[in-house]
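To start, the structure under review is shown below, and the notes come after it.
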Amino acid sequence: MATASASFALSGLASRLVRDGVIDESVAKTVSEKANEAGISFISQIYEEPNIDGSRVAQMASEEFGVPYVDVGQIEIDSTTVELVSEKIMSKNQVLPLYKRGTKLFVALTDPLDTRKLDDVKFHTGLGIEATIGDGKKIADAIEKAADAADTSMADLDDDQELDDIDISAEEDAPADDGETGGELDTPIVRFVNKLLLDAINRGASDIHFEPYEKSTRVRFRVDGVLHEVASPPTALSGRISARIKILSRLDIAERRVPQDGRMKMRLSKNRSIDFRVSTLPTLFGEKVVIRILDASATELGVEALGFDEVQEKQYIDAIQRPYGMVLVTGPTGSGKTVSLYTALGVLNTPKINISTAEDPVEINVAGINQVNINDKANLTFAAALKSFLRQDPDVIMVGEIRDLETADISIKASQTGHLVLSTLHTNDCPTTITRLLNMGVPAFNVASSVHLILAQRLARKLCDTCKEPLDIPDKALLAAGFKPEELEELTVMGPKGCDICTSGYKGRLGIFQVMPISETMQEMIMKGCTSFDIEQQAAKEGVNDLRRSGLNKVAAGLTSLAEVERVTNQ
């Protein structure tokens with residue numbers, strides 16, 4: 001019986017290693033017995049033994065199995081190749097990617113006959129796998145080195161805060177990262193995402209972009225309206241980063257073929273939390289994820305913090321404090337319309353007033369306001385929400401956006417029956433907003449009688465107060481920009497320089513506004529079917545500054561640069 005056991009233990013590679021003097025017979029028997037008990041191969045077990053010449057073992061295995069031998073310690077492995085296989089798959093299977101040729105990936109492992117490991121790598125990469133044999137200890141060292149490089153490329157995560165313990169949850173404040181899916185995501189990914197969220201908040205970013213490409217992944221922050229690249233994690237981590245964000249925002253982690261939208265919340269302290277709106281989009285090389293940062297504290301600063309001049313501020317406050325009528329805010333995406341509307345709601349939000357909003361989606365949660373999230377799939381449209389609002393005894397109604405005639409018609413009728421209606425439109429300036437409503441099919445009489453004020457706005461970067469400096473700009477260029485000859489004598493135009501506390505000479509943003517109250521003369525012009533140009537001319541006669549003029553006033557005050565005003569007004 002003992003002879004049969006010894007014969008079994010020393011068959012194949014074990015027998016060859018003993019015969020060539022690589023290991024002693026007693027060691028071979030011990031390794032064979034351990035491998036048999038563990039249900040693994042002899043060569044997988046032998047590297048657990050001390051004082052083993054791994055290179056000799058791998059070379060003998062190469063001859064025994066007819067598979068090429070690779071000295072892993074003597075070759076330089078391309079980082080882009082290593083990134084094809086996740087750290088988790090490499091560590092679990094002890095498989096090291098070496099190089100890629102066409103649709104085949106060449107890998108090194110100790111046991112090339114272990115088809116389970118090879119199939120696992122094939123499934124996760126979608127590539128054909130060609131096996132080579134290497135020293136098990138050198139393979140383990142190379143995998144650990146690749147993991148360390150990935151952690152280093154994700155930046156130094158040892159900040160003052162305990163990144164692992166940051167309280168981030170889905171919109172419903174329920175744990176979103178439990179279950180098997182959450183457990184698969186390792187701590188470095190969790191800490192990396194937490195750090196990026198914190199960095200974005202600390203830098204005052206409005207959006208975070210995670211963008212996967214063929215050979216790289218890019219992370220960008222939008223700070224003061226301009227995108228800046230802040231990190232470039234390994235390509236192999238892009239899927240795990242997006243999975244972590246999807247878990248936090250309660251999205252379907254298994255669905256990668258269609259766009260998804262969700263929300264999550266980060267609690268920074270007992271009294272302050274930040275909401276995030278998450279959007280995923282399938283691209284050629286993975287899912288692009290964009291996170292919009294929604295800081296409710298930005299709407300609590302008051303109307304005076306928006307950046308109006310004295311006349312504009314008074315006109316806006318007077319309009320929102322009227323008991324009925326319509327106030328429209330217009331501008332492109334990202335121009336600050338939501339903040340302007342929520343600032344108005346903050347002024348109106350008292351226990352004596354019933355406020356209801358319909359938004360797609362609700363961006364900022366505000367206590368004391370009844371907010372409705374539009375859901376077209378459930379037939380909860382803007383029009384349906386508005387109809388319900390009118391049966392709920394409202395005082396103030398806010399409509400996220402007037403997109404069609406039905407929504408516009410109900411909004412206008414509400415404003416004509418004792419309700420204040422606030423809403424937005426996507427137009428370039430105040431006069432064209434009138435034209436847009438008429439083109440939708442709203443009767444001119446309803447437009448003239450319901451709209452009391454239109455606010456057009458842009459956001460321009462504000463010059464850093466610490467480092468801004470005067471610029472020498474020729475008078476001809478200043479006149480071409482829109483300044484009047486009589487303004488040039490005492491005009492000092494400031495420009496960006498750049499310092500440690502700002503971004504390229506800019507810090508923060510300010511609003512550039514065109515505030516146009518609808519006068520009786522304008523009402524008559526609307527009734528007569530005048531053009532937006534006619535209304536623009538009348539607004540100028542009544543002292544309404546257009547966006548360019550408002551921007552030039554900010555330049556003259558030293559608040560922003562001429563180049564920035566020209567960028568955002570584009571006239």
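What you see is a predicted model; the values in this text were computed from it and never measured.
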- Task: Report the residues that fulfil side chain to side chain donor-acceptor pair (under 3.5 Å) with Asn375, sequence neighbours left out, ordered by chain and then residue number.
- Result: none
- Query: At what distance, to the nearest 0.5 angstrom, does CG of Leu463 lie from CD of Glu469?
  - Reply: 10.0 Å
- Leu281 CG to Thr283 OG1 distance, which is reported to the nearest 0.5 Å: 7.0 Å
- Message: Can you confirm whether Lys122 is buried at NZ, in the sense that more than 12 heavy atoms of other residues, nucleotides or ligands lie under 6.0 Å from that atom?
- Response: no
- Note on the structure: Closest non-hydrogen atoms of Glu255 and Lys246, given as atom of the first, atom of the second and distance, are O-NZ, 2.9 Å
- Item | Spacing of Met90 atom CE and Leu109 atom CG [to the nearest 0.5 Å] | 13.5 Å
- Task: Run the salt-bridge test on Lys137 and Asp141 with the 4.0 Å N-O cut-off and return the result as yes or no.
- Result: no
- Gln371 side chain vs Val366 backbone, donor-acceptor pair below 3.5 Å: yes
- Item | Partner residues of Glu63 under the side chain to side chain donor-acceptor pair (under 3.5 Å) criterion, sequence neighbours left out | Arg16
- Assert yes or no for the condition that the ring centre distance of Tyr213 to Phe285 is strictly below 6.0 Å. no
- Query: Do the charged groups of Glu564 and Lys462 touch, with an N to O distance under 4.0 Å?
  - Reply: no
- Message: Can you confirm whether more than 12 heavy atoms, excluding those of Lys138, are under 6.0 Å from its NZ atom?
- Response: yes
- Query: CG/Asp111 to OH/Tyr47 distance, rounded to the nearest 0.5 angstrom?
  - Reply: 10.0 Å
- Task: Taking atom types as modelled, find out whether Gln94 and Thr110 have a side-chain donor-acceptor pair closer than 3.5 angstrom.
- Result: no
- Is a salt bridge present between Asp360 and Arg403, judged by a nitrogen-to-oxygen distance below 4.0 Å? yes
- Message: What's the separation between atom CD1 in Ile23 and atom CE in Met60, rounded to the nearest 0.5 Å?
- Response: 10.5 Å
- Message: Taking the basic N atoms (NZ, or NE/NH1/NH2) and the acidic carboxylate oxygens, is any pair closer than 4.0 Å for Lys92 and Asp120?
- Response: yes
- Check whether any side-chain heavy atom of Thr503 sits under 4.5 Å from a side-chain heavy atom of His228, and report yes or no. yes
- Message: Between the side chains of Lys29 and Glu33, is the shortest nitrogen-to-carboxylate-oxygen separation below 4.0 Å, so that they form an ion pair?
- Response: no
- Side chains of Thr560 and Tyr506: do they bring a donor and an acceptor to under 3.5 Å? no
- Item | pair Glu287-Arg257: side-chain heavy atoms closer than 4.5 Å | no
- salt_bridge(Asp207, Arg220) N-O dist < 4.0 Å: no
